Amino acid sequence: MSFFEKPFAIPATASLIIQLAVLVLLVFGYIIKRRLKFRNHGITMLSAVVLHAASVFAVMVPSFIAGFSTLESFDFSNSLVVLALFHVAAGAITFVLGVWLVGTWHFQTQLTSCFKKKLIMRATMIIWLVAVLLGTTLYTLFYLLS
Ligand code: HEM
């Protein structure tokens, strides 16, 4: 079966490209935080959350529903299924935490509440990187190597 015969190849590729753009924003956001430009850090992370939300709702949720609705049960001996479930869980947690972090900021110039969320930001960033890594691995295994 060729790449283009696989269902969802085009939306999956679009989603991968968006996720890689999100990764660039996350790294950039972290670098500018280290340069103490906290407001620009917040705006960059807001952009990453919006892009992530767009790819989740436009591509990932529809393809997940279409792909898994045909299954009667999850085959946990299939590593692709297990990877996909971890990817979905990490992406969902990231989405909720990211929306909460940027949503509770309100573009305030007073950043005291942001400073208090440092540990949650760190956890969100790590889980987000894991989600992107798992998504890229899934794409490689499913669309490039099989
Ligand atoms: C999805 C959203 C966000 C992510 C993933 C994120 C990620 C991070 C990370 C990884 C750090 C470094 C933490 C560490 O050094 O251990 C950090 C620090 C920080 N972030 Fe965010 N951030 C987000 C949203 C925001 C928002 C909306 C603001 C508000 C302006 C903000 C303000 C800050 C500040 C002030 C720090 C420095 C905390 C300190 O060093 O005490 N962040 N963030």
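Positions are given from 1, in the same order as the sequence printed here. Quantities reported herein were computed from a predicted structural model and do not represent experimental measurements. Numbering of ligands and ligand atoms starts at 1, following listing order.
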**Q** Does Trp100 use its side chain to pair, donor to acceptor, with the backbone of Gly103 at less than 3.5 Å?
**A**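 No; zero donor-acceptor contacts below 3.5 Å.
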**Q** Which residue supplies the protein heavy atom nearest to atom 38 (C) of ligand 1, what is that atom called, and how far is it?
**A**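 For atom 38 (C) of ligand 1, the nearest protein heavy atom is Phe115 CD2, 3.6 Å.
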**Q** Calculate, to the nearest 0.5 Å, the distance between atoms CG and OG1 belonging to Leu26 and Thr124 respectively.
**A**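 Those atoms lie 10.0 Å apart.
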**Q** Determine whether Arg39 and Trp105 make a side-chain contact, defined as any pair of heavy atoms from C-beta on separated by less than 4.5 Å.
**A**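 Yes. Closest side-chain heavy atoms under 4.5 Å.
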**Q** Got a donor-acceptor contact below 3.5 angstrom from the Ser15 side chain to the Pro11 backbone?
**A**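 Between the backbone of Pro11 and the side chain of Ser15 there is no qualifying donor-acceptor contact (under 3.5 Å).
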**Q** Taking 2.8 Å as the upper limit, name the protein N, O or S atoms near atom 21 (Fe) of ligand 1.
**A**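 Atoms qualifying: His41 NE2, Met121 SD.
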**Q** Kindly check if the number of other-residue, nucleotide or ligand heavy atoms within 6.0 Å of CZ (Phe86) is above 12?
**A**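 No, not enclosed.
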**Q** Report yes if the side chains of Thr136 and Val132 come closer than 4.5 Å at any heavy-atom pair, otherwise no.
**A**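 They are in side-chain contact.
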**Q** Looking at Gly98, which atoms of ligand 1 are within less than 4.0 Å of one of its heavy atoms?
**A**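 It comes down to these atoms of ligand 1: 1 (C).
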**Q** Closer than 4.0 Å to some heavy atom of Leu111 - which atoms of ligand 1 meet that?
**A**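 By the 4.0 Å cutoff, the relevant atoms are 30 (C).
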**Q** State whether a side-chain donor-acceptor pair under 3.5 Å links Gln19 with Ser55.
**A**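 Present: a donor and an acceptor within the cut-off.
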**Q** Tell me: protein heavy atom nearest atom 27 (C) of ligand 1, and distance?
**A**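 I find the closest protein heavy atom is Trp105 CE3, 3.7 Å.
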**Q** Would you call the rings of His52 and Trp128 parallel, tilted or perpendicular, where under 30° means parallel and over 60° means perpendicular?
**A**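 Answer is tilted, since the angle falls between 30° and 60°.
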**Q** For the residue pair Thr13 and Tyr139, confirm or rule out a side-chain donor-acceptor distance under 3.5 Å.
**A**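 There is such a pair between these side chains.
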**Q** Within a distance under 4.0 Å of any heavy atom of Val49, pick out the atoms of ligand 1 and give their elements.
**A**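 This gives 1 (C) as the contact atoms.
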**Q** At what distance is the nearest protein heavy atom to atom 16 (O) of ligand 1, and which residue and atom is it?
**A**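 Minimum-distance protein heavy atom for atom 16 (O) of ligand 1 reads Arg122 NE, 2.6 Å.
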**Q** Check ligand 1 against Trp128 and write out every atom of the ligand that is under 4.0 Å from a heavy-atom position of the residue.
**A**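 Result: 1 (C).
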